[in-house]
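All remarks here apply to the structure that follows.
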Amino acid sequence: GHPTRGLVGAYSGNDGQGFLVIGTAKPQYWAAWNPRMKTMLDSVRFVAVDREAMVRDWENWLMGKKLQYQRANVPGRAAGGPAQPDYHLCSDGTVMRKPRPAGRAAGQSMPVYSPGMNQSRGTWYVIVSKGQPYLIVRDGREQKLMLEPEGNNLLLNGKRYISAANDLCK
């Protein structure tokens, strides 16, 4: 190995965020690099996250939207896997699901829906945890879905969803 000299800066900021910076140089360059590294380490500042503004912005954007899972068309892969739900986020903070067929009528190809299935509404809202926004959906069980913008659409827990017109919230 070659001898080196260095500085280490460990940072902890808002909500437990943190990182480690290591700066090293060969001994003959240390005199020139040492003040530059110290200046760089001293310049690090954590910015407080405005949680209220972040929540408000996300809720305003999501309000009244249908979030529809975008299935990838990958050649050579069989379709299938677990179905991802669509989320119908109503402006009043409720969430709805399309009714699923309860079965098929004997001798018919028409699905039969259970009475009152469309009446079930859960709730939705946005929180910020450790600087990251999450969509909370309470529709039976509670789901905590990490929100990430992606152009005009978004990722929920890393899965691509498109924003579409909401046809269930009236």
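Note that this is a predicted model, so its numbers are computed, not measured. Quick note: residue numbers are just sequence positions, from 1.
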Run the ring pair (Phe, Tyr, Trp, His ring centres under 6.0 Å) test against Tyr11 and tell me which residues pass, sequence neighbours left out.
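Residues passing ring pair (Phe, Tyr, Trp, His ring centres under 6.0 Å) with Tyr11: Phe19.
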So how far is it from [X] [atom1] to [Y] [atom2], rounded to the nearest 0.5 Å?
X      : Y      : atom1 : atom2 : value
Leu89  : Met63  : CG    : CE    : 10.0 Å
Trp124 : Arg138 : CH2   : CZ    : 14.0 Å
Leu135 : Leu67  : CG    : CG    : 7.0 Å
Trp33  : Thr4   : CH2   : OG1   : 14.0 Å
Leu155 : Leu147 : CG    : CG    : 9.5 Å
Leu154 : Tyr161 : CG    : OH    : 9.0 Å

Minimum-distance pair of heavy atoms, taken over all atoms of [X] and [Y]:
X     : Y      : result
Lys66 : Ala165 : CB-O, 3.6 Å
Pro35 : Ala31  : CD-O, 3.2 Å
Gln68 : Ala164 : OE1-CB, 4.4 Å
Pro27 : Pro3   : CD-O, 3.2 Å
Trp61 : Ser163 : CH2-CB, 3.9 Å
Trp58 : Pro133 : NE1-CG, 3.4 Å

The criterion is side chain to side chain contact (heavy atoms under 4.5 Å, CB included); which residues satisfy it with Gln28, sequence neighbours excluded?
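Partners of Gln28 by the side chain to side chain contact (heavy atoms under 4.5 Å, CB included) criterion, ordered by chain and then number, come out as Lys26.
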Would you say that Leu7 contacts Trp30 through its side chain, given a criterion of any heavy-atom pair below 4.5 Å between the two side chains?
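They are in contact (side-chain heavy atoms under 4.5 Å apart), so the answer is yes.
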Could you check whether any side-chain heavy atom of Leu62 comes within less than 4.5 Å of a side-chain heavy atom of Glu59, counting everything from C-beta outward?
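No - every pair of side-chain heavy atoms lies 4.5 Å or more apart.
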With sequence neighbours left out, which residue pairs that include part of residues 29-50 fulfil the salt bridge (Lys or Arg N to Asp or Glu O under 4.0 Å) condition?
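Qualifying pairs, neighbours excluded: none.
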Pairs where residues 144-156 contributes a residue and the test side-chain hydrogen bond (donor to acceptor under 3.5 Å, both in side chains) is met, not counting sequence neighbours
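Listed once each, the pairs are Glu150-Arg160.
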Restricting to pairs with a member in residues 86-95, which pass side-chain hydrogen bond (donor to acceptor under 3.5 Å, both in side chains), not counting sequence neighbours?
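For residues 86-95, and leaving out neighbouring residues, the side-chain hydrogen bond (donor to acceptor under 3.5 Å, both in side chains) pairs sorted by first residue read Tyr87-Gln143, His88-Asn166, Asp92-Thr94, Thr94-Arg121.
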Kindly state each residue pair satisfying disulfide (SG to SG under 2.5 Å) with at least one member in residues 123-170, sequence neighbours excluded.
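Found Cys90-Cys169.
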Any chance you could pull the hydrophobic cluster mates of Leu20, using side-chain heavy atoms under 4.5 angstrom and chaining through other members?
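Its cluster mates, by chain and number, are Val8, Ile22.
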Remaining members of the apolar cluster that contains Tyr134, side-chain heavy atoms under 4.5 Å:
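Once heavy-atom contacts under 4.5 Å are chained together, Tyr134 belongs with Tyr125, Ile127, Ile136, Met146.
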Would you please name every residue forming a salt bridge (charged side-chain N to carboxylate O under 4.0 Å, His left out) with Glu52, sequence neighbours left out?
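With neighbours one apart ignored, the set is empty.
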Just to verify, what does Arg56 make a salt bridge (charged side-chain N to carboxylate O under 4.0 Å, His left out) with, not counting sequence neighbours?
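Partners of Arg56 under the salt bridge (charged side-chain N to carboxylate O under 4.0 Å, His left out) test: none.
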